[in-house]
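Let me begin by presenting the structure, written as structure tokens, before commenting on it.
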Amino acid sequence: MGFIGSGSIGSTIARLAVEAGNQVVLSNSRGPGTLADTVARLGPRASAATSEEAAAAGDIVVVTVPVTAFPDLPAAPLVGKTVIDTCNYGPERDGHIPELDSGSLTSSELLLRYVPDAGLVKAFNTIYFKHLLSFARPAGVADRSYLPIAADSAPAKAAVTDFIDSIGYGVVDAGPLADDWRQATGTPVWGTPYGPYSNEKGRPAGDDVIRAALATATR
């Protein structure tokens, strides 16, 4: 797996991926040398590289960067790849983007403009990284948590569903990328089902909870 962006959510997904037996290649905007400590913590299945190298190395590539960094993504090595978009739009951080403010595009549809030949899947953008780490459970247990995902590509959605299952979560299909506004910042499914940030242990959220939260979202 490749990672473009290795902050809190990216490094947490990488940790879960390593624990599930995957090799991970991490990158960030500051260069591979700044990731030495993260790689050391993750162990021998992890390495650091440039964004282009991480994109080329991964069968699945996780993009976890600010929306304003979309134009800088390495599009060529992402052609034909399954790409997980964890990104959230925040005008206070990203500045105002008219298409996102008006609702004419979702943030994933905007990302797709820059990586048009990737199989893009929106996932992991609704959960606090500490909750993501603490809720991983094997399939079949009563308190397994679920994550919403949205995608236009059925094969990419299937690949990400399998990956998420392998790291301890179930999936709720939230529809196409045009519907990923239902899991955007501030919607009912964003953070709330898993408990407040102040409670690092949080609470598991089953598929019924996630479906209900998606259904009550309004634009």
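Remark: L132 CG to K130 NZ distance equals 13.0 Å, nearest 0.5 Å. How far CG of D180 is from CD of Q183: 5.5 Å, rounded to the nearest 0.5 Å. Rounding to the nearest 0.5 Å places CZ of F3 at 9.0 Å from OG1 of T64. Rounding to the nearest 0.5 angstrom, the gap separating the OG atom in S153 from the CG atom in L177 is 9.5 Å. Residue I167 holds its CD1 atom at 12.0 Å from CG of D162, rounded to the nearest 0.5 Å. To the nearest 0.5 Å, atoms CG (L105) and CD1 (I97) are separated by 10.0 Å.
Remark: side-chain polar atoms of R45 are paired, donor with acceptor, to backbone N or O of G21 under 3.5 angstrom. A donor-acceptor contact shorter than 3.5 Å is absent between the side chain of R182 and the backbone of A174. Under a 3.5 Å cut-off, the side chain of T82 and the backbone N or O of G119 do not form any donor-acceptor pair. In this structure, the side chain of D208 does not engage the main chain of R211 through any donor-acceptor pair within 3.5 Å. Judged purely by atom type and a 3.5 angstrom limit, N22 has no side-chain atom pairing as donor or acceptor with the backbone of V24. Not a single donor-acceptor pair under 3.5 Å links the side chain of S104 to the backbone N or O of L100. Under a 3.5 Å cut-off, the side chain of E53 and the backbone N or O of T50 do form a donor-acceptor pair.
The closest side-chain heavy-atom distance from L26 to S47 is not below 4.5 Å. In this structure, the side chains of R93 and P66 come closer than 4.5 Å at one or more pairs of heavy atoms. The side-chain heavy atoms of Y194 and I210, taken from C-beta on, include a pair separated by under 4.5 Å. Side-chain contact between T187 and T192 is absent, with no heavy-atom pair separated by less than 4.5 Å. The side-chain heavy atoms of I4 and P74, taken from C-beta on, include a pair separated by under 4.5 Å.
Note: the hydrophobic cluster containing V62 also contains L147 (ILVMFWY, side chain heavy atoms under 4.5 Å, direct or indirect links). Residues L120 and V61 share a hydrophobic cluster, clusters being chains of Ile/Leu/Val/Met/Phe/Trp/Tyr side chains in contact below 4.5 Å. No continuous path of ILVMFWY side-chain contacts below 4.5 Å connects V83 to F124, so the two sit in separate hydrophobic clusters. Residues F163 and F135 are members of one and the same hydrophobic cluster, defined by side-chain heavy-atom contacts under 4.5 angstrom among Ile, Leu, Val, Met, Phe, Trp and Tyr. Hydrophobic cluster membership is shared by Y169 and L214, with clusters built from Ile, Leu, Val, Met, Phe, Trp and Tyr side chains linked at under 4.5 angstrom.
When all heavy atoms of S107 and Y89 are compared, the closest pair comes out as CB-CB, 4.4 Å. When all heavy atoms of P32 and A48 are compared, the closest pair comes out as O-CB, 3.7 Å. Looking at every heavy atom in both residues, R137 comes nearest to R144 through O-NE, 3.0 Å. The minimum heavy-atom distance between M1 and A17, with the atom names listed, is SD-CB, 3.8 Å. Across P148 and T126, no two heavy atoms sit closer than the pair CD-OG1, 3.6 Å. Across D152 and P176, no two heavy atoms sit closer than the pair OD1-CB, 3.2 Å.
Residue pairs meeting the salt bridge (charged side-chain N to carboxylate O under 4.0 Å, His left out) criterion with at least one partner in residues 117-129, sequence neighbours excluded, are D85-K122. Pairs engaging residues 9-20 under the side chain to side chain donor-acceptor pair (under 3.5 Å) rule: R15-E19 [sequence neighbours left out].
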Original post:
Passes side-chain contact (heavy atoms from CB on, under 4.5 Å), D173 versus K157? Steps please.
Top reply: CA-CA 9 Å; D173 188 336; K157 188 177 282 187; 2.7 Å; yes
Original post:
Step by step, would you call L73 with L111 a side-chain contact (heavy atoms from CB on, under 4.5 Å)?
Top reply: CA-CA 9 Å; L73 292 171; L111 174 54; 3.3 Å; yes
Original post:
What's the verdict on side-chain contact (heavy atoms from CB on, under 4.5 Å) for D37 and V39, showing C-alpha distance, side-chain angles and the deciding distance?
Top reply: CA-CA 5 Å; D37 290 345; V39 167; over 6 Å; no
**OP:** For the pair L78 and Y114, evaluate side-chain contact (heavy atoms from CB on, under 4.5 Å) and give the outcome as yes or no after the intermediate values.
**Re:** CA-CA 10 Å; L78 293 175; Y114 296 100; over 6 Å; no
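A salt bridge does not link D59 to K81: none of the charged side-chain nitrogens sits closer than 4.0 Å to a carboxylate oxygen.
Using modelled atom types, one finds no donor on one side chain facing an acceptor on the other under 3.5 Å when comparing T106 with S108.
When the shell of 6.0 Å around CG of D72 is examined, it contains more than 12 heavy atoms from other residues, nucleotides or ligands.
Taking Y128 as the reference, H131, Y197 meet the ring pair (Phe, Tyr, Trp, His ring centres under 6.0 Å) condition, with sequence neighbours excluded.
Screening N125, V171, I84 for a side-chain contact (heavy atoms from CB on, under 4.5 Å) with I149, the sole residue that qualifies is V171.
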